[in-house]
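This report concerns only the one structure given below.
In what follows, chains carry the letters A, B, and so on, assigned in the order in which the sequence lines appear, proteins first and then strands, with residues in each chain numbered from 1. Since this is a predicted model, take the numbers as computed values, not measurements.
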Amino acid sequence: MNGIIFAIVCWVMFALEWGFRDALELGDVDIAPTFPVMLAVFVALRAPTGVAMVSAVVIGVLYDIVYTVGMTGGGEVVVLGPHALGCMLGVYAVVLSRSLMYRRGVLALVAMTVIAAVLMQVVVTTLLAVRSIYDVIEPGRAVAQLGRGLASALFTGVAAVVMGSILIALRRLFQFQEPARTAYRG
Amino acid sequence: MFALAPGRATAWASWLRGPLETVLAPGAWPLAKLSGALRPGRAIDMGHPDASELELVRQRDELELGLARANARIAELEQLVRDLQLTSTVPGREATRPVVANRVGQALGSGTIDVRAGTRDGVIAGDVATARGTQQLVGLVTKAGTMVSTVRLLTDRRIEPGLMQAVIGAEGMRDASTQQSLPRCQLRPDGSGRLIDEQVAAPAGSEVAIRVGALVRLDDATWPGPAQLLTLGRIERVDAAASPQFRKITVRPIVDVSRVSGVILHVPESRGDRDGGTP
């Protein structure tokens, strides 16, 4: 995979996440698509497992740094790990199931994006809720967070129809190492 | 390991945010501007006033704020005279300079927005943010990076100080004595973009001031000086409380603080332009 192209697209995804998210927010309930997950899933559907996992870690860590958590008594803190672990779990699920589907179409990307985003939100909510028991962070009520997260995951799938089509159109730039075709597969 | 490690062990991770914000800001800023254009924040319906009317409203608000502060200063000086007679002193209010900062991003789940101004502009944690063109308080800076600062919105429950002493009916601040006699309330964010006080003392005759549409201004010594007498919003609802002597009020900011396209950060003039250095 071309690392420079990945970095540029990653930058665009995080700029969208940071600057454009509220334009797509549903009402005032903080339900909006999670753009970087689409990139992680797109890479996971095409790249070798190792590359997919490394890119998941990169995207997850960047997401952890961008997404601050409120602290009891004011202030914000960066909690490294929840999104990185969640993204890795989501991407691993994609890697395990990608052979079962026609992964070059946008539908596979949409379905896998929803699954990966759901897994990521579950991991993030759980880890932050556990940590808030003994640490000064205040991530909000876990049930509400999880509800918003799952709704955002579904919304991410909807947004992946458009964003996924763009990513698929750009696939040649990524220079993925496609697995060699066997005689059987033609 | 980091995900569950206590905050003390992972505090260094917050330092990573500044460089990342610096890299992302050039891309996020035009997107945030586009986002603001596609989905502008709510404002109280003023009957679609034209630009000149809006300008007049802005000037009136500024003058009212100046008058309210002058009245507060008079009251403060009167108190100073009294205190000097008792050989004590009262700290004065520091002049500030405005720093215009565009919004570059948000983390509404965290109740914050990110704006493009930081320590290189003299911004530090605790500085006050207001909406452009109004005297609406937006929130307080909770973290200042080199180029980007995080502003905790006043409507977020996690803002500190969480309680806001305020005066109701602030349009009537014509002189210091009237200002002192205005009804007061103690607001807190309700988590839905509004501020509430469930027990506002409402003696007979106070309904003139405690009414829907009345302006509410912050007047709380626990908040920074530049935030004093800034607008918190207008009363949206007045409900009966458990006791007939009290009312429950709901205050809504006059602009949607979560969707402002930019803010004015009020930086003390005594602070320099860079990293809190000398001017």
*Which bit of A:Leu24 comes within less than 4.5 Å of chain B, counting heavy atoms only: side chain, backbone, both or neither?*
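For A:Leu24, the contact with chain B is made by the backbone alone.
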*Heavy-atom proximity to chain B below 4.5 Å, by part of A:Val124*: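 Contact with chain B: none, neither part.
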Do other residues, nucleotides or ligands put more than 12 heavy atoms under 6.0 Å from [X] [atom1]?
X	atom1	answer
A:Leu100	CG	yes
A:Arg171	CZ	yes
A:Tyr92	OH	no

*Quick one: side-chain hydrogen bond (donor to acceptor under 3.5 Å, both in side chains) partners of B:Thr222, sequence neighbours excluded?*
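In terms of side-chain hydrogen bond (donor to acceptor under 3.5 Å, both in side chains), with neighbours along the sequence ignored, B:Thr222 is linked to B:Asp220.
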*Can you name the side-chain hydrogen bond (donor to acceptor under 3.5 Å, both in side chains) partners of B:Arg103, sequence neighbours left out?*
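Here the qualifying residues are A:Asp22.
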*Checking heavy atoms, do the side chain of B:Val141, its backbone, both or neither come under 4.5 Å from chain A?*
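Looking at B:Val141, nothing touches chain A.
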*asked:* Given heavy-atom pairs under 4.5 angstrom as the criterion, report whether the side chain, backbone, both or neither of B:Val151 touches chain A.
replied: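 Answer is neither: B:Val151 stays 4.5 Å or more from chain A.
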*From B:Leu24 CG over to A:Leu16 CG, what is the distance, rounded to the nearest 0.5 angstrom?*
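Taking CG in B:Leu24 and CG in A:Leu16, the distance rounds to 10.5 Å.
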*Between atom OG1 of A:Thr68 and atom NZ of B:Lys143, what is the distance when rounded to the nearest 0.5 Å?*
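Here the rounded value is 8.0 Å.
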*Would you say the side chain of B:Leu20 lies within less than 4.5 Å of the side chain of A:Trp18, judging by non-hydrogen atoms?*
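The answer is no; the side chains never approach within 4.5 Å.
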*Search all heavy atoms of B:Leu31 against all heavy atoms of A:Phe20 and return the closest pair with its distance.*
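Here B:Leu31 and A:Phe20 meet closest at O-CD1, 3.5 Å.
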